Amino acid sequence: MSNSPQKPDRFEQARLEKAEKIRELGFDPYGQRFDNHQAIAAVRPLCPEEAGAEGETVRIAARIMGRRKAGKLRFFDAKDATGRIQLLMSRGDMTEQQWELVSALDLGDLVGIDGKLKRTQSGEVSIFVEELTVLCKSLVQPPEKFHGAKDIEMLLRQRYIDLIYNDGVLDRMLQRSKIIDSVRQTLRGQNYVEAETPVLHSVAGGAAARPFTTHHNALDIELYLRIALELHLKRLMVGGVERVYEIGRVFRNEGIDATHNPEFTMIEIYQAYGNYETMMDLTEAIVTDAVKAISDTMVLPWGEEGEGSIDFTSPWPRRKYAELFQEAAGCAMSDTEAVKQIAQSKGIETEGKHPDVIVNDLFEELVEDSLEGPVFVIDYPASICPLTKRKQDDPNIAERFELYVKGMELANAYTELNDPKLQEELFLTQLEGQDEEDSMAKMDTDFIRALKVGMPPSGGLGIGIDRLVMLLTNSRSIRDVIYFPLLRPEGMPAAGEE
RNA sequence: GCCCUUGUAGCUCAAUCGGCAGAGCAACUGACUCUUAAUCAGUAGGUUGAAGGUUCAAGUCCUUCUGGGAGCACCA
């Protein structure tokens, strides 16, 4: 891409001329510090009910969203992060210099306003402007005032346009912040401490996913961006940090769709001397607290208006993996031949695969999408869970649960494996039918060394924060809850050109 | 990666069978002191994503490239 500045279009040219006019009037088109302004949402209720009655003097800072003229009157719609309010500027109430300044205003400009709250004759809450301060001249023509901006590509590449001009976008992102605050608060209340562990890993472990690779120049080594938080947090458990969590970005070099972004936010939580059952209780606490943080009710809408809902009232059902499998497939998951036949009838590749991998493929095909939830699926086949402690009375079953809501996996938790010898063995054992890069079993010798020192028996829990926010804000796409989802860069030269 | 679909003015969208590229909003000039998708009169605004091809004639048909979206695959 060229580094030379873009030639201004006709709109930018006109606005630059207005900026110059503002300078000639003795003002700064890009503004200065503007103290003691009030939130529009706080100011609106102060307006007198009776039309024409003079209310309090207020000061706001806002963006100009709309404009109407009626002779020597100017009505503007102004908006800040909290709400909208109408501004009224009258030729008769302003100095000559201020009136000239009004004529240099455009849609999209940021202004500081001092004036009195008063209702217009039609009853609209308004600020009758006494002093106008230009805080920033906008050089860009805003989208159409009625239909707004709809081009998804533009809205994602220029998310600020989306945030300014599309109602609900900023609100949803602020809800995301509230949800994350709530998660931290719940954990703080139970004496968990937040940790920050490395993003750059020499072994990308803790999950089954393709990593991004990068390179450190001074050490001249290949590094991976982390795909999970697990192995470092467990090292902290070894070190005596008994209740620990991290909220952080993880990176997986895989496809992009409505529920997957290459970088996404996970929380992983570890509790010494707990197990997967204590983590189920914690999951319920975290999610229900988050619901309370953004809603007055435990039943949240899902889908189009009136189409559906999610009832987060706890406790949530806990269903055994094997039972759900049997109900859906009509055979026991230990019946290897029957499982294979059903899998083949569903078009699932079975050749060379470990029986438990086939069972899991079938489970995903038959069961997952139908789990409306919230529901805990518990007790997974051990062979697909290499980091999990087995049940004491059945070594084929792992103490693991996944939480499903609306067919989406929201949380995943284990009773953590703390036997270093067994862990080492599981790292070495590739499940048949899995490519090495698809496998979770990547040898991490430093992690084994840590386990030998001794890690308490523990519960571990991971929650996909983006998915939690999606479910709580009725968002069908992960792009609705991430400010800047990954897009292909603009303006790359076509292959073979240049 | 596969397949389908889409890209027209700053924005939202038209353009019939291949036949003069258009509207609304926004902008600009003017009128109007209570509007709120304000109204009224006028003006200007285009490399139809890019390159090539077919044709007397291409926004429209064909090829390649490119950005976006939906689905599939992978995955959480």
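Every heavy atom of this structure was used, including side-chain atoms; hydrogens, water molecules and symmetry mates were not. Predicted model, so just to flag it, every value in this text is computed and none were measured.
Nucleotides G68(B) and A57(B) are separated by 35 Å at their P atoms, to the nearest Å. Atom P of G49(B) sits at a distance of 13 Å from the matching atom of G10(B), rounded to the whole Å. Taking atom C1' in both U64(B) and G71(B), one finds a spacing of 24 Å when rounded to whole Å. A70(B) and C4(B): their C1' atoms are spaced 8 Å apart (whole Å). When the P atom is compared between G19(B) and C62(B), the two are found 15 Å apart, to the nearest whole Å. Across the P atoms, G45(B) and G24(B) are found 16 Å apart, a figure rounded to whole Å. One C1' atom belongs to U48(B), the other to C32(B), and the distance between them is 39 Å to the nearest Å. Taking atom P on both U8(B) and U60(B), the two are 13 Å apart, rounded to the nearest angstrom.
Comment: Lys389(A) does not engage Glu416(A) in a salt bridge, judged by the lack of any side-chain N to carboxylate O separation of less than 4.0 angstrom. With salt bridges taken as basic N to acidic carboxylate O contacts below 4.0 Å, one links Arg23(A) and Glu20(A).
In the set C28(B), C34(B), G68(B), C34(B) carries the atom at the smallest distance from any side-chain atom of Phe75(A). Nearest nucleotide to the Glu124(A) side chain, out of U35(B), G68(B), A73(B): U35(B). Candidate nucleotides A27(B), U12(B), G67(B) were compared by shortest atom distance to the side chain of Glu144(A), and U12(B) ranks first. Of the candidate nucleotides C28(B), G67(B), C13(B), G67(B) has the atom lying nearest to any side-chain atom of Glu153(A). Listed nucleotides A37(B), C28(B), U36(B) differ in distance to Phe146(A); the shortest reach to its side chain belongs to A37(B). The Lys72(A) side chain lies nearest to U33(B) when the options are A76(B), U33(B), C74(B). The nucleotide whose nearest atom lies closest to any side-chain atom of Glu254(A) is, among U66(B), C74(B), C34(B), C74(B).
Among the protein residues, Leu107(A) comes within range of the sugar-phosphate backbone only, with heavy atoms under 4.0 Å from sugar or phosphate atoms but none that close to a base. At the heavy-atom level, Asp93(A) lies nowhere under 4.0 Å from the strands shown. Counting any heavy atom pair closer than 4.0 Å across all strands shown, Ser126(A) reaches no nucleic acid atom. Within 4.0 Å of Gly92(A), counting heavy atoms only, lies at least one base atom of the nucleic acid. Contacts of Arg157(A) with the nucleic acid, taken as non-hydrogen atoms under 4.0 Å apart, involve only primed sugar atoms and P, OP1 or OP2. Residue-level contact check: Glu409(A) touches the backbone only, with heavy atoms under 4.0 Å from sugar-phosphate atoms and none from bases. Using a 4.0 Å heavy-atom distance criterion, Arg119(A) is classed as making no nucleic acid contact. Base engagement by Ala70(A) is indicated by at least one non-hydrogen atom pair under 4.0 Å involving a base atom. Counting any heavy atom pair closer than 4.0 Å across all strands shown, Lys118(A) reaches no nucleic acid atom.
Scanning atom types as modelled, no donor and acceptor separated by under 3.5 angstrom connect the side chain of Asp151(A) and the base of C11(B). One donor-acceptor pair, N or O on each side, does fall under 3.5 Å between the base of G10(B) and the side chain of Arg10(A). With hydrogens and angles ignored, a donor-acceptor pair under 3.5 angstrom links the side chain of Gln86(A) to the base of U35(B).
Spacing between atom CD1 of Ile164(A) and atom P of G10(B) amounts to 19 Å, rounded to whole angstrom units. If you take CG of Leu117(A) and C1' of C34(B), they are 17 Å apart, rounded to a whole angstrom. The interatomic distance linking Gln13(A) (CD) with C28(B) (P) rounds to 13 Å, in whole Å. C11(B) atom P lies 11 Å from atom CG of Leu155(A), rounded to whole Å. Note: NE2 (His147(A)) to P (G24(B)) measures 13 Å, nearest angstrom. Between the CD1 atom of Ile127(A) and the C1' atom of U35(B) there is a distance of 16 Å, rounded to whole Å.
In this model, a donor atom of one side chain and an acceptor atom of the other lie less than 3.5 Å apart for Asp356(A) and Ser383(A). With no hydrogens or angles considered, no side-chain donor-acceptor pair links Tyr380(A) and Asn412(A) at under 3.5 Å. In summary, the side chains of Glu268(A) and Tyr270(A) do present a donor paired with an acceptor at a separation below 3.5 Å, with no hydrogens or angles considered. Side chain to side chain, Gln98(A) and Arg91(A) fail the donor-acceptor criterion of an N or O pair below 3.5 Å. No side-chain donor from either of Tyr414(A) and Glu399(A) sits under 3.5 Å from a side-chain acceptor of the other. A donor-acceptor contact closer than 3.5 angstrom links the side chains of Tyr276(A) and Asp379(A).
Summary of the strand contacts: Glu365(A) and Leu487(A) both lie near RNA chain B, and taking for each the nucleotide with the nearest heavy atom, the more 5' one is attributed to Leu487(A).
If you take CD on Gln175(A) and OG on Ser182(A), they are separated by 12.0 Å, rounding to the nearest 0.5 Å.
The side-chain heavy atoms of Gln271(A) and Ser458(A), taken from C-beta on, include no pair separated by under 4.5 Å.
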- Carefully, step by step, assess Lys150(A) and Glu144(A) under the rule salt bridge (Lys or Arg N to Asp or Glu O under 4.0 Å). CA-CA 10 Å; Lys150(A) 290 187 169 172; Glu144(A) 208 257 358; over 6 Å; no
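Nucleotide G42(B) is matched to C28(B) when pairs are restricted to Watson-Crick or G-U wobble geometry with both distances under 3.5 angstrom. Here U35(B) sits opposite no nucleotide as a Watson-Crick or G-U wobble pair (both hydrogen-bonding atom distances under 3.5 Å). In this entry G52(B) has C62(B) as its Watson-Crick or G-U wobble partner, both defining distances falling under 3.5 Å. Searching all strands for a Watson-Crick or G-U wobble partner of C74(B) with both distances below 3.5 Å returns nothing. As the counterpart of U12(B), A23(B) is assigned, both hydrogen-bonding distances of the Watson-Crick or G-U wobble pattern falling under 3.5 Å.
A heavy-atom distance below 4.0 Å to RNA chain B is reached by these residues of residues 459-479 of chain A, ordered by number: Arg467(A), Arg479(A).
Applying the 4.0 Å criterion to OP1 and OP2 of U35(B), one finds that Arg74(A) has every side-chain N and O outside that range. An OP1 or OP2 oxygen of U29(B) is reached within less than 4.0 angstrom by no side-chain nitrogen or oxygen of Lys69(A). For Arg91(A), no side-chain nitrogen or oxygen approaches OP1 or OP2 of U33(B) to under 4.0 Å.
Between Leu225(A) and Pro211(A), the shortest heavy-atom distance links the atoms O-CB, 4.1 Å.
Between the side-chain ring of Phe11(A) and the base of G10(B), no stacking contact exists by the 5.5 Å and 30° definition.
Between Met89(A) and the choices Ile113(A), Leu73(A), Leu101(A), Ile127(A), the side-chain contact (heavy atoms from CB on, under 4.5 Å) rule is met once, by Ile113(A).
A 6.0 Å sphere centred on CD of Glu50(A) holds no more than 12 heavy atoms belonging to other residues, nucleotides or ligands.
Taking syn as a glycosidic angle within 90° of 0, C56(B) does not qualify and is anti.
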Quick one: which protein N/O atoms are closer than 3.5 Å to N/O atoms of nucleotides 1-7 of chain B? Pair and distance per line, please.
none

